[in-house]
Amino acid sequence: MREIAFSQAIMEAQMEEMQRDSNVFLIGEDVAKMGSAFGQSAGLYEKFGSKRVFNMPVAESGYVNFGVGAAMAGKRPIVEMQFADFIVLAFDAVGNQGPKQRYMSGGELSVPMTVRAPQGAGFGAAAQHSQCVEAWFMNFPGLKIVMPSTPYDGKGLLKTAIRDNDTVLFLEHKALLSIKGEVPEEEYTIPLGEGKIVRDGTDVTIIALQAQVYQALEAAEELAKEGISAEIIDPRTLIPLDKKLIGESVKKTGRVVIVHEAPKRGGFGSEISAVIAENFFDSLRAPIIRIGAANIPLPFGMPEQYCLPNKNSIVQSVKELLK
Amino acid sequence: MREIAFSQAIMEAQMEEMQRDSNVFLIGEDVAKMGSAFGQSAGLYEKFGSKRVFNMPVAESGYVNFGVGAAMAGKRPIVEMQFADFIVLAFDAVGNQGPKQRYMSGGELSVPMTVRAPQGAGFGAAAQHSQCVEAWFMNFPGLKIVMPSTPYDGKGLLKTAIRDNDTVLFLEHKALLSIKGEVPEEEYTIPLGEGKIVRDGTDVTIIALQAQVYQALEAAEELAKEGISAEIIDPRTLIPLDKKLIGESVKKTGRVVIVHEAPKRGGFGSEISAVIAENFFDSLRAPIIRIGAANIPLPFGMPEQYCLPNKNSIVQSVKELLK
Amino acid sequence: MNYSKNELLGFYEQLVQGRRYEEKILGYVNEGKLQGFFHLGIGQEAAQVGVVNALGHNDYLVPTHRFHPGLANKLDLKTLTAELLGRSNGYNKGKAFTFHISSKKERLLPVNGMLGAGIPEAVGYAWALKMDEKDAAVVCVLGDGTTSEGNVHEGMNIAAILDAPIVFFIENNGWAISNPVSEQTKIEDLSTRAIAYGMPGVTIDGNDVITVKETLEKALAEARKGRPSIVEAKTYRWRGHFEGDPGFYRDPQEHEEAMKDDCIKRLEKILYGQGATDKELAEIEVRVQQRIDEAFAYAEKSPLPTVEETLDYDQVYATNLGGDLL
Amino acid sequence: MNYSKNELLGFYEQLVQGRRYEEKILGYVNEGKLQGFFHLGIGQEAAQVGVVNALGHNDYLVPTHRFHPGLANKLDLKTLTAELLGRSNGYNKGKAFTFHISSKKERLLPVNGMLGAGIPEAVGYAWALKMDEKDAAVVCVLGDGTTSEGNVHEGMNIAAILDAPIVFFIENNGWAISNPVSEQTKIEDLSTRAIAYGMPGVTIDGNDVITVKETLEKALAEARKGRPSIVEAKTYRWRGHFEGDPGFYRDPQEHEEAMKDDCIKRLEKILYGQGATDKELAEIEVRVQQRIDEAFAYAEKSPLPTVEETLDYDQVYATNLGGDLL
Ligand SMILES: Cc1ncc(C[n+]2csc(CCOP(=O)(O)OP(=O)(O)O)c2C)c(N)n1
Ligand SMILES: Cc1ncc(C[n+]2csc(CCOP(=O)(O)OP(=O)(O)O)c2C)c(N)n1
Ligand SMILES: [Mg+2]
Ligand SMILES: [Mg+2]
C-alpha cells in the first residue's frame, strides 16, 4: 500500500470531504496560500478557491465562534488552530459554545464543526507552543475529542469527524505530522469511539495515545526481551471512549499503565484510570499507574526531554508493577 | 462563636488582607459600589476607595491579564469573575499566563494573583451560569485551586490564597454564599493542601467538596440509620491535594465514593480516583465510585435538579458498594 | 412623518405590548412565582420595536438577555411565555429560558450567556447566508457594556473583512449592571468604534421608534449588499440590572431625569397630534393585556419538562454511533 | 536634524548591531546549529532601535518575538545570546528563549507566546507603576497581525479608562505570517484604532530611526502623565515569518520594492552628508561584529540546563507549604 505523511493524510481527508459536501469549508491562520503551518492544507486553497478556504485574522475566539455561527446556519466548518496551545483563547467557543447549542436550543440547532489543532512537544518550543490540550476539555458535555496516532487513523477519523453532526475537537500531534504510514487510495472512514489493539499481550495493558503509542511500542519490545508481554491499546478517541476494549484488555492482564504526554496531574489518564477502577475493579491485580509529563511548564529546547514520558519511564513503571 | 454568611466571610478575608498589605487590590465587574453580585465585596469600595477597589469593563480576558501584569509588578491582585462560567474567556490568563510566568522567567517573576469565582448550580440559571469549573484547570502546572465548603474554611483559605505567591483559583459556591457558619472574630488562616474529616466513619469514605459536602452529610445520616458508617472527607483544595488524609481514610474503610457537582466524565473525581488507585490500591476492597452531574449542559429552572447528584444518589451508590 | 395614523397606532400597540409584557413578568416576579433572572427592558421598547419592524422577511435577529419587549412582538406570545416559564412546549422545550432562547422558524438566533460570544457567531451566520446567496442579513444586538469584550472586536473586524451582511445594533442603555457607560470607555458614541474596522457607524435616538426603524432599514439594505455597519441607539435602563437589584449605585436624579423621556409617551403625543383618541389608545391597552394574559395562562397550564425529557441525550449529541459518550 | 554626527553614528552602530546580530543567528540556523523558531526582524531595525532609544531610565519595554535587533541593543549581548542558545546563564536560565525572554533588572517584561495576551498584562504593569508613583511608563510593542486579537481591544480600552502610563507601539511590517495587513483589516492605518478608545494615535515611517525615537519620546512623556496612546510605525518584514518559511505567498516584486527602503542605507546617506567617512563606518562594522562574535562564543561555551535545574519545582511554585502539588 502507498505510504503518505500524516500531514498529507489530514490534507486528503479535508479535500475528500470538501469534494463530497459543498458545505464543508476551512478557515484558520495561514490555511490559504501557505497551506497551514505544517502543510496540513497544502493545495486546498488552489483547489477550492477563496470562498471555501480562507485566512482569518489573528483572532482565535472570533473565528472559532464564526465557525459556530456558520455551523448553525448549515455549514460544516473545519476550523484550524495554528498551534493547539492557542485554543486557550477559543476555550469558550470550543467547549462552551459549539457543544452546548444543541441542548440549549432544545435540539433545534446543532454545531457540526471540526476544530483541528496540532499539539504536543518535540520541537523544544517552550511553555506556550508545546502543550497537549485534551484534558482541558474532558468535562464539557456535548463535545467529542479525537487523538489519532497514525496517518491511517488520522485520515479515517478526520473524515468521520467532519461528517459528525456534533462539535469535534480533532487533535493532531505535531511530532507525528511528518511520519509516514500506509493509507489506501480508496475511501474509508473510522468510527469515533473504537479503540485499537496496537500490540497483543498478556501481562500488562499499556494505554497510550498519539506520540506515546510509539514510546509504548518501543517499551514493549524491550519488555519482551525480559519475558514481559505488554498489550498496547490506543483508544484513538477520548470522547467517545471505547470502554469495552479497555475492559477486555484489563480482564486479560489485570495490570494497567496509562501514558500521556500532558502533565500527569489532571491528564486524561485520570479519567481512564477512574473508568477502570469503577468498572473493571475486580479484574485488577495491581495499582493503576499513570505516566505523564512533569508538572512543569515545558522549558525551551533540549531540556523539554527531561520533562516528558518516554520508553524508559514506561519500561520502568511496568517492571515495578510486575515486581 | 458568632455566625456569619459565607459571602461575608469572603468579604472579611479580603478586607483584612487589604488592611494588612497595601499591595492587595480588588477588581472585577461590579465590585465597587455594588459590592459584587453576591455581596462578597460589600463595603470594600467605601473602605478602601477607588484606587484599591474598582470596576472593570466587561472584558474578562483583559482584566485577568491586567491582574497578571500588576502582580508581576509587585501588586497582589484579587480578580473577581462575576460568575465562574465567564472564566472561559479568561482561560488563558488564569491557566496559561499567571501560573507559568515564574518558570518561564527562570524564577524571576511570580504572579501572586487570586482569581475568585462563584460557581455552581442551584439557581436554575441554565447552561452558562451554573457550572463548576475546577476540572478545566486541573492540568495546568503552576496553578493552585481552592474550593471551600464553609464560611470558616472560606475565610481562612482565602486569606492564605491572597498571601500565597502563586496564582490561586479560589472557587466559592454560589448556593453556599448565603449559608451561615461559625467564624471567629480573631484572625486565622488555613493552609492550602490540608483536607478535613467532616464526619468520622468506618465503612466507606465519601470524598466531596463544596455543596456536595452537605449532600454527603445528609446521606451519611441516612446511611447511619441502616447501620452504615460513612466517613466524609472534604479536601478543601484540589491543588495542592491532601493525599495523605485521603489515604488514611481509604486504609480504614477500603471503599470510596467521590461526589462532585460538575459532570462525572472528566471531573476532579477522576483525578482523586486515579490518585487512590495508584497509591492506595492495596487498601481498596471495592470499585471506586464517582458521582457527578449528568453529561448535560444544565437546563433552565427546576429540571436542573434531575441532572445533579444529591443525597439520594450518594445513598444509593454507597449501598450498592456495600452489597 | 411618512406614516399614517394607523401605521403609527401599529407601532404604539407594539410598544405597549412590550411594556405590558414585562410588567406582567414583574408582577409574577414580585409574587415570587417565577424562577430565573429577569433583565427587563422597560424604557427601551422603542429601540427594540424599531429593530423588529426593520427586519426583512428573510433577515435574522440576535437578541440580548434584555430583549423581551422585542421578542414579545416578534415571536408567538404563547410559545415565548412557555419558554419563559420553562415549559416543555416553549421555543426550546423550556431548556433555554430567555437567557438562551432561539428559534429557527422565527429566524431568531440564540441569546448568548457569554456576553460578546454571540457577535462572531452572528457574523458566521451572516457569512453563511451570503454564501448561500440568500438575500438576507443579520441584526446582531448588543449592549453598551458588551462592546468592551474582545469577541466584539474580533467579530466586527471579521465582518468587515468578509463583507458580511450584518448590522451591529448597540442598544446603549447607559449601564452595564452598576457600571455607567462613562466608566466603560472614554468615547462619547460607541458607534465611533466602526471607524476601527472601516465600516460606517451612526448614533441615533433610541427612544424614537421611527428613527430606529428607518435607520435600521437603511443599514439592512446596505448589509444585504455586503456592507456591514454599526448603529448605536441611545436609550436608558429604567429598572435595576435584573429584578432584585436595588440599584444603590445609581444617582436617583439622573434616573428620574432619564425616565422622563418615555418612548411610549412620545409616540402618544404624536398620535394625538394625528387625531388619535383616548378611546383608540384604551382599546389597544385592552387588546394587548388580553393577549398577554392569555399567553401567561397558556404557559402556566403547560407542562414542565419531565426527567426523561431533561436527560434526553439525543438533545446533547446529534450523532451517536458507538463508544461511550458519558 | 538636531543630532550631531556622533549621535547619528551612535544610532547607526545600533542599527548595524541589530542587523548583524540577526545575520549571525541566520548563519547558525543555516548551519543547523540552533534549536528554536527564529523570527527575524531584519529590515525593521529602525523601528526597534528607535523604541529602545526613546525609553527613559525607569521605563519598561514589552518586546515581541521579532525584536532581536532591539534586544541586541538593550540587553547584555552575552546574557541575551546565552538565553537564545538555551543556556543556564541566560536571562531566564535558558527556559525562555527569545519566545518568552524577560528581565527585571533590564526592565524588560516577558515576550508572550499568546499574541495579544501581553497587552493587558502590560497595562496592568503600567497601572502598578502609576500606583507606586514611579515616574515611568511602559512601551508595549505589538505587530500588525496582533491587533486583531480581542485582548488588544480589551487592554487598550482598560488603559484608556485608567489613564495608564503606556504607549502601544504597533510595529507594522505588513504581514502576519502569510496574511498581508490588507487582509487583516479594512483600515489603512492601524493607529486609527486609537479613536475607538479616545486616545491619540499616530502613524509614522518606521524605517526612520530618528522619527521613531522622537515620536516615542513625546508619546512616553504624555504617557508618564497618564495619557496613553498608539504609535504605529510602518516598516517591512524582509525575511520569511520564521527561518525556514519559504514565503511562497508573497509577491517577489512587492518584496524587492520594499527592501529598497533600507533603514541602514538611509542613515548612511545622512551620515555621509554630515561628513562621515567610509572608514568610520567600517570601524563600526568591525566593532559590532567583534562584540557579536564574542557573545556567541560565550554562549556556546555556556552550560545547558541540567536535569535538576529543569525539574526544579521551586521555579514552578513560589509557595509550597504542604499538600501535594503534583
Ligand atoms: C462574558 C460575560 N461577562 C459578564 C456577564 C454578566 N453580565 C450579564 S448582563 C451584564 C451587563 C451587560 O451590559 P450591557 O451589554 O450594556 O447590557 P444591558 O444589561 O445593559 O442590557 C453583565 C456584566 C456575562 N453574562 N457574560
Ligand atoms: C494567540 C496566538 N495566535 C497565533 C500565534 C502564531 N503566530 C506567531 S507570530 C504570528 C504573526 C503575528 O503577526 P504580527 O503581529 O504582525 O507580528 P510579526 O510576526 O509580523 O512580527 C502568528 C500568527 C500566536 N503565537 N499566538
Ligand atoms: Mg447596557
Ligand atoms: Mg506583522
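The sequence lines fix the lettering, A, B, ..., with proteins before strands; numbering per chain opens at 1.
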Give, as side chain, backbone, both or neither, the part of [X] having an atom under 4.5 angstrom from any heavy atom of chain D.
{"X": "A:M56", "value": "backbone"}
{"X": "A:P297", "value": "side chain"}
{"X": "A:Q82", "value": "side chain"}

For [X], which atoms come within 4.5 Å of any heavy atom of chain A: side chain, backbone, both, or neither?
{"X": "D:N151", "answer": "side chain"}
{"X": "D:L304", "answer": "side chain"}
{"X": "D:F248", "answer": "neither"}
{"X": "D:V316", "answer": "side chain"}

> How far apart are the C-alpha atoms of A:M34 and D:I177, what are their side-chain angles, what is the distance that settles it, and do they pass the side-chain contact (heavy atoms from CB on, under 4.5 Å) test?
Replying inline: CA-CA 9 Å; A:M34 192 159 158; D:I177 309 188; 3.5 Å; yes
> Step by step, would you call D:I101 with A:F300 a side-chain contact (heavy atoms from CB on, under 4.5 Å)?
Replying inline: CA-CA 11 Å; D:I101 193 166; A:F300 167 67; over 6 Å; no
> Step by step, would you call A:V58 with D:T146 a side-chain contact (heavy atoms from CB on, under 4.5 Å)?
Replying inline: CA-CA 6 Å; A:V58 190; D:T146 302; 5.7 Å; no
> Does some side-chain heavy atom of A:C307 sit less than 4.5 Å from a side-chain heavy atom of D:T310?
Replying inline: yes
>> Applying side-chain contact (heavy atoms from CB on, under 4.5 Å) to A:D30 and D:H241, what does each step give before you reach the verdict?
In response: CA-CA 11 Å; A:D30 309 294; D:H241 171 66; over 6 Å; no
>> Counting only heavy atoms not in D:Q253 (residues, nucleotides, ligands), do more than 12 fall under 6.0 Å from its CD?
In response: no
>> For the backbone of D:N112 and the side chain of A:Q128, can you confirm whether one donor and one acceptor N or O come within less than 3.5 Å of each other?
In response: no
